[in-house]
Amino acid sequence: MSTEIFIDRGDITTLKVDAIVNAANASLLGGSGVDGAIHRAAGRELLAECRTLGGCSTGQAKMTQGYALPAKFIIHTVGPRWRGGTHEEPKLLASCYTSSLQLAVANGVKSIAFPAISCGVYGYPIEQAARVAISATREFLKCDNSLEKIIFTCFDDRVYRAYLDAERTDDRTDR
Ligand code: ADP
């Protein structure tokens, strides 16, 4: 089996996949952007479960139920804040993708959707973040292809174009 990668425009809270990834903050207690949208759509029970998790470090991931979402699980990962690129931001962002994918596989997830982690309030340059997302995911897939489907959900056109470009560039450097 090989894993299919999709780059789609849309709202991640509406996707009927096994797991969606949340670009959370370290408290895991909700925030703005996609985090706020996920908490609103999942309902209050999500916050109750998040309170039991004791937060999450940057680059790591923790999982909860999806509650009122169409997705069964939510994988909460904490992206790095952009601080000029010299504070291990690429490594930490890559780790968000790898940790989330590992957690997904360990829990039998077959389909997973990611938002553009760190590309909103955390200020990561979108083109660079998209390249990290694609290359970290492809690196992971070299060793594990038990997932059936990975979706990069792009909330706006700029993110969508950046992912399409990153995929093309990564294709060329792979050969
Ligand atoms: P961060 O704090 O990690 O930067 P944000 O939530 O501020 O996270 O932004 C991350 C990305 O998620 C941005 O590209 C933003 O446009 C996008 N986003 C916001 N809402 C949604 C949503 N409902 N579905 C998918 N992506 C979303």
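Start at 1 and go down the list; that is how both ligands and their atoms are numbered.
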What residue and atom, counting heavy atoms only, is the protein's closest point to atom 6 (O) of ligand 1, and at what distance?
Val34 N, 2.8 Å
Is a donor on one side and an acceptor on the other found under 3.5 Å between the side chain of Thr3 and the backbone of Leu147?
yes
Show the atoms of ligand 1 that are less than 4.0 angstrom away from any heavy atom in Gly33.
6 (O)
Indicate, with yes or no, if the rings of Phe114 and Tyr97 have centres closer together than 6.0 Å.
yes
Within 4.0 Å of some non-hydrogen atom of Ala116, the atoms of ligand 1 are 10 (C), 11 (C), 14 (O)
Distance-only N or O hit between ligand 1 and Tyr122, under 3.5 Å:
yes
Quick one: side chain to side chain donor-acceptor pair (under 3.5 Å) pairs with a partner in residues 125-135, sequence neighbours left out?
Glu127-Arg158
Looking only at protein heavy atoms, which one is nearest to atom 3 (O) of ligand 1, and how far off is it?
Ser118 N, 2.9 Å
Counting only pairs under 3.5 Å, give me each side-chain donor-acceptor contact of residues 72-81, with atom names and distances, residues two or more places apart or in other chains.
| from | atom 1 | to | atom 2 | distance (Å) |
| --- | --- | --- | --- | --- |
| His76 | ND1 | Asn22 | ND2 | 3.2 |
| His76 | NE2 | Thr64 | OG1 | 2.9 |
| Thr77 | OG1 | Gln60 | O | 2.7 |

Element-labelled atoms of ligand 1 that are located less than 4.0 Å from some non-hydrogen atom of Asp11:
22 (C), 23 (N), 24 (N)
Tell me the nearest of Ile38, Val121, Thr13 to atom 7 (O) of ligand 1, using heavy-atom distances.
Val121
Applying a strict 4.0 Å limit to heavy atoms, is Gly79 in contact with ligand 1?
no
Proximal ligand 1 atoms for Ala23, defined as those under 4.0 Å from one of its heavy atoms
3 (O), 8 (O)
Note the single closest protein heavy atom to atom 5 (P) of ligand 1, along with its residue, its atom name and the distance in Å.
Gly120 CA, 3.9 Å
Note the single closest protein heavy atom to atom 17 (C) of ligand 1, along with its residue, its atom name and the distance in Å.
Phe155 CB, 3.9 Å
Atom 24 (N) of ligand 1 has as its nearest protein heavy atom Ile12 N, 2.9 Å
Would the distance check show the side chain of Asn107 and the main-chain N or O of Leu103 forming a donor-acceptor pair, the cut-off being under 3.5 Å?
yes
Main chain of Lys91, side chain of Ser95: is a donor-acceptor contact present, judged purely on distance under 3.5 Å?
no
Leu46 vs Leu69 side-chain heavy atoms within contact, under 4.5 Å:
no
Any donor-acceptor pair under 3.5 Å from Asp18 side chain to Ser111 backbone:
yes
